[in-house]
Number of protein chains: 2
Amino acid sequence: MNQIRVSIIEDDIIVRESLVNYLELKSEIGDIQAFSSVEDFEKNYINPTTILPDIIILDIQLPGKTGIQGIPIIKQIIPDTDIIMLTTFEDSEKIFDALCAGACSYLSKRSTLSSIFDCIITVSKGGSYMSPPIARKITQFFIKKNSIENPLTDRQMEIAQGIVDGLSYKMIANRLEISLDTVRTHIMQIYRTLNINCKGQLIKWALNNKIH
Amino acid sequence: MNQIRVSIIEDDIIVRESLVNYLELKSEIGDIQAFSSVEDFEKNYINPTTILPDIIILDIQLPGKTGIQGIPIIKQIIPDTDIIMLTTFEDSEKIFDALCAGACSYLSKRSTLSSIFDCIITVSKGGSYMSPPIARKITQFFIKKNSIENPLTDRQMEIAQGIVDGLSYKMIANRLEISLDTVRTHIMQIYRTLNINCKGQLIKWALNNKIH
DNA sequence: TAGTGCATCACATCAAAATGTGATTGATTT
DNA sequence: AAATCAATCACATTTTGATGTGATGCACTA
């Protein structure tokens with residue numbers, strides 16, 4: 001197997017150097033490049049003949065552009081690269097922002113060097129690795145949707161589903177074979193129950209909860 | 001530290017026994033229970049004095065109720081337990097269904113016994129562990145949302161945000177300090193651009209894409 | 001400089017939604 | 001037996017939404 005080319009973008013010189021020194025000893029890894037900012041990284045890859053990294057280890061807190069802002073830039077230069085975030089931040093928002101932007105793994109800086117190495121190997125094999133506390137936050141993201149118990153009756157859910165499907169009251173009435181007025185009554189009741197006052201909020205509620 | 005109590009729900013006797021035999025050797029783990037179906041598991045916990053497991057290893061393909069159907073049942077009996085899925089299925093749908101239902105980890109049956117053990121330890125510490133290919137599928141779930149580039153202008157996004165927030169056109173006009181007619185014009189333009197024809201679809205689009 | 005895209009506003013019309021009050025039926029619970 | 005709740009339907013009013021046509025000012029670009 002070819003050696004894995006790794007770039008590190010990290011402003012903290014101690015972290016950066018210790019990572020470089022550690023990874024240099026690994027036979028699986030070759031051609032390690034280190035940068036202290038996204039801008040630095042960009043400069044180096046203006047020349048299209050430059051050898052591109054397979055994997056990038058990216059800090060979030062950087063001078064100039066943040067790591068998260070850097071992800072789309074990096075992806076533009078090297079669309080096929082895999083990005084591993086390595087940061088002190090463990091709040092859900094940053095994690096989701098990074099994943100949405102296109103990071104494939106997210107490591108806490110509290111991770112050991114050997115687990116960072118494991119992550120690189122895992123990612124190079126097409127997998128993905130998360131620090132356990134971060135993985136837990138991600139699983140919790142999925143859970144919450146079902147945890148709120150549904151305060152609507154079955155019939156009300158059918159009405160709500162119609163709304164989410166973009167149907168007019170009239171069409172819902174046809175679909176469920178009831179009168180337009182009944183649909184109205186149901187909807188008013190739904191609004192009361194959910195403490196909302198318009199269709200928009202109902203759709204939002206539905207999409208954030210049960211209905212897909 | 002106390003020993004971790006583990007229950008295994010797995011119909012394949014070979015998998016089940018090898019797992020039990022392996023885990024019994026581990027000093028971190030005590031009180032291993034094994035069941036061949038969710039129904040079996042339920043029966044055992046009718047008596048409220050039964051010692052409850054900290055962690056449950058759950059197969060998806062089971063006789064009777066599936067593992068995914070079993071999750072809410074298990075959570076009802078033992079709300080605080082952590083559920084690790086251990087299955088041959090690696091398709092996104094099953095993974096997301098399991099996570100939405102409340103599983104906190106998801107392991108491929110191709111995982112080694114030692115990585116299953118690692119997973120148990122990780123989960124018992126409040127973390128979460130995914131097999132690398134599964135973790136990759138989860139990260140991809142997040143990516144796609146942003147990959148569609150936003151066809152709306154900044155101003156149009158502000159209007160759309162108003163709609164998502166459940167405001168009427170009039171309220172949006174007030175918020176952005178423009179006339180009601182301008183809001184209307186923007187919305188018509190948005191509908192054209194997104195190829196939709198009502199508020200509901202716009203909200204759906206927005207929630208499935210950028211806006212939270 | 002002419003063209004294009006974006007944001008702004010106005011006028012007009014019809015369809016749809018929001019909201020209230022009131023009433024009936026059947027099932028379930030107390 | 002009485003009360004409650006879910007689901008059904010009717011009538012009436014006001015507000016909001018959908019849609020079209022037309023026009024102005026600004027910034028950017030070919």
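Basis for what follows: all heavy atoms, side chains included, without hydrogens, waters or symmetry-related copies. Just so it is clear: chains get the letters A, B, ... in the order the sequence lines come, proteins before strands, and each one is counted from 1. Model, not experiment: these values are computed from the prediction.
- Across the protein-nucleic acid pair, A/Lys199 atom NZ and D/dG17 atom P stand 9 Å apart, rounded to whole Å.
- Rounding to whole angstrom units, CG of residue B/Asp181 and P of C/dT8 are separated by 13 Å.
- For the pair A/Leu152 CG and D/dA7 P, the interatomic distance rounds to 10 Å; values are reported in whole Å.
- Nearest-nucleotide positions on DNA chain C place B/Asp154 closer to the 5' end than the other of B/Asp154 and A/Ile196.
- Contacts of A/Thr182 with the nucleic acid, taken as non-hydrogen atoms under 4.0 Å apart, include base atoms.
- Using a 4.0 Å cut-off between charged nitrogen and carboxylate oxygen, A/Arg175 and A/Glu158 do not count as a salt-bridge pair.
- For A/Arg155 and D/dT8, the shortest distance from a side-chain N or O to OP1 or OP2 is below 4.0 Å.
- Under the 3.5 Å distance criterion, the side-chain polar atoms of A/Arg5 are left unmatched by any main-chain donor or acceptor of A/Pro53.
- Candidate nucleotides D/dG17, C/dA16, D/dT8 were compared by shortest atom distance to the side chain of A/Thr185, and D/dT8 ranks first.
- Whole-Å rounding puts the A/Ile172 CD1 to C/dA15 P distance at 19 Å.
- The residues B/Asp97 and B/Lys94 are annotated as not salt-bridged, no charged nitrogen and carboxylate oxygen being separated by less than 4.0 angstrom.
- The distance between the ring centers of B/Phe96 and B/Tyr106 does not fall below 6.0 angstrom.
- Within the structure, a side-chain polar atom (N or O) of A/Lys170 is placed less than 4.0 Å from OP1 or OP2 of C/dA16.
- Contact annotation for B/Thr153: backbone-only contact, meaning every heavy-atom pair under 4.0 Å involves sugar-phosphate atoms and none involves a base.
- The nearest whole Å value for the distance from the CD1 atom in A/Ile178 to the P atom in D/dA10 is 12 Å.
- Spacing between atom CG of B/Leu176 and atom P of C/dA7 amounts to 11 Å, rounded to whole angstrom units.
- Of all nucleotides listed (C/dA16, D/dA7, C/dA10), D/dA7 comes nearest to the side chain of A/Gln156.
- Between A/Ile187 atom CD1 and D/dT8 atom C1' there is a gap of 14 Å when expressed in whole angstrom units.
- When the nucleotides D/dG20, C/dT8, D/dC9 are ranked by their closest atom to the side chain of B/Arg192, D/dG20 comes out on top.
- Ring-plane geometry between A/Phe41 and A/Phe35 is classed as perpendicular, the angle between the planes exceeding 60 degrees on a 0 to 90 degree scale with a lower cut at 30.
- Computed from coordinates, the A/Arg184 CZ to D/dA7 C1' distance equals 17 Å when rounded to whole Å.
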